[in-house]
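Since the structure is predicted, the reported quantities are computational estimates derived from the model, not experimental observations.
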Amino acid sequence: MDEFIAKIKAMTTEYGVQASDLVVSLAIETFCDMRNYPSSWNDEKKLADMEKNKAKIAMAAIEIDSKVGAENQLSHSENGISRSYADHLLAYKDVIGFANCI
């Protein structure tokens, strides 16, 4: 997993963003939550799926990092200092989760 995190960080650097390990880990965790991997999948199989989607994960890490401060906000008011952002990551808009049976 450390090698995968390093790959994602390298990809974000290409876009001029120095994403921290925390931001990259958050992007990966959010991706895994959205995918809703079956319990029968081992870490190796999950990592193979994440490899296929590493561009989306990198863009999500960039999106998370860019929301620090006043960039990429939906609305802003000056005196009341009120900022609002989208409640979901746009980089993950096409991510489809697995349907698990109970």
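Hydrophobic clustering places Leu47 together with Ile5 (ILVMFWY residues linked when any side-chain heavy atoms are closer than 4.5 Å, directly or through intermediates). A single hydrophobic cluster is seen to contain both Met1 and Met34, as judged by linkage of ILVMFWY side chains at heavy-atom distances under 4.5 Å, directly or through other members.
Distance alone, capped at 3.5 Å, is enough to place a donor-acceptor pair between the Arg35 side chain and the Ile96 backbone.
Within the structure, side chain to side chain donor-acceptor pair (under 3.5 Å) pairs that include any residue of residues 8-32 comprise Lys9-Asp21 (at least two apart or interchain). The ring pair (Phe, Tyr, Trp, His ring centres under 6.0 Å) contacts involving residues 39-63 comprise Tyr37-Trp41, Trp41-Phe98, where partners must be two or more places apart or lie in separate chains.
Remark: Leu26 CG to Asp65 CG distance equals 11.0 Å, nearest 0.5 Å.
Considering only residues two or more places apart in sequence or on other chains, Asp43 meets the side chain to side chain contact (heavy atoms under 4.5 Å, CB included) condition with Lys46. Shown here are the side-chain hydrogen bond (donor to acceptor under 3.5 Å, both in side chains) partners of Lys7, two or more places apart in sequence or in another chain: Glu51.
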Donor-acceptor pairs are to be reported for all side-chain atoms of residues 52-59 against protein atoms at under 3.5 Å, with residues two or more places apart or in another chain.
{"from": "Asn53", "atom 1": "ND2", "to": "Asp49", "atom 2": "O", "distance (Å)": "3.0"}

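The heavy-atom pair separating Ala61 from Val23 by the smallest distance is O-CG1, 3.3 Å.
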Begin with the C-alpha distance, continue with both residues' side-chain angles, and end with the deciding distance and a verdict on side chain to side chain contact (heavy atoms under 4.5 Å, CB included) for Lys45 and Ser40. CA-CA 10 Å; Lys45 198 167 182 179; Ser40 62; over 6 Å; no
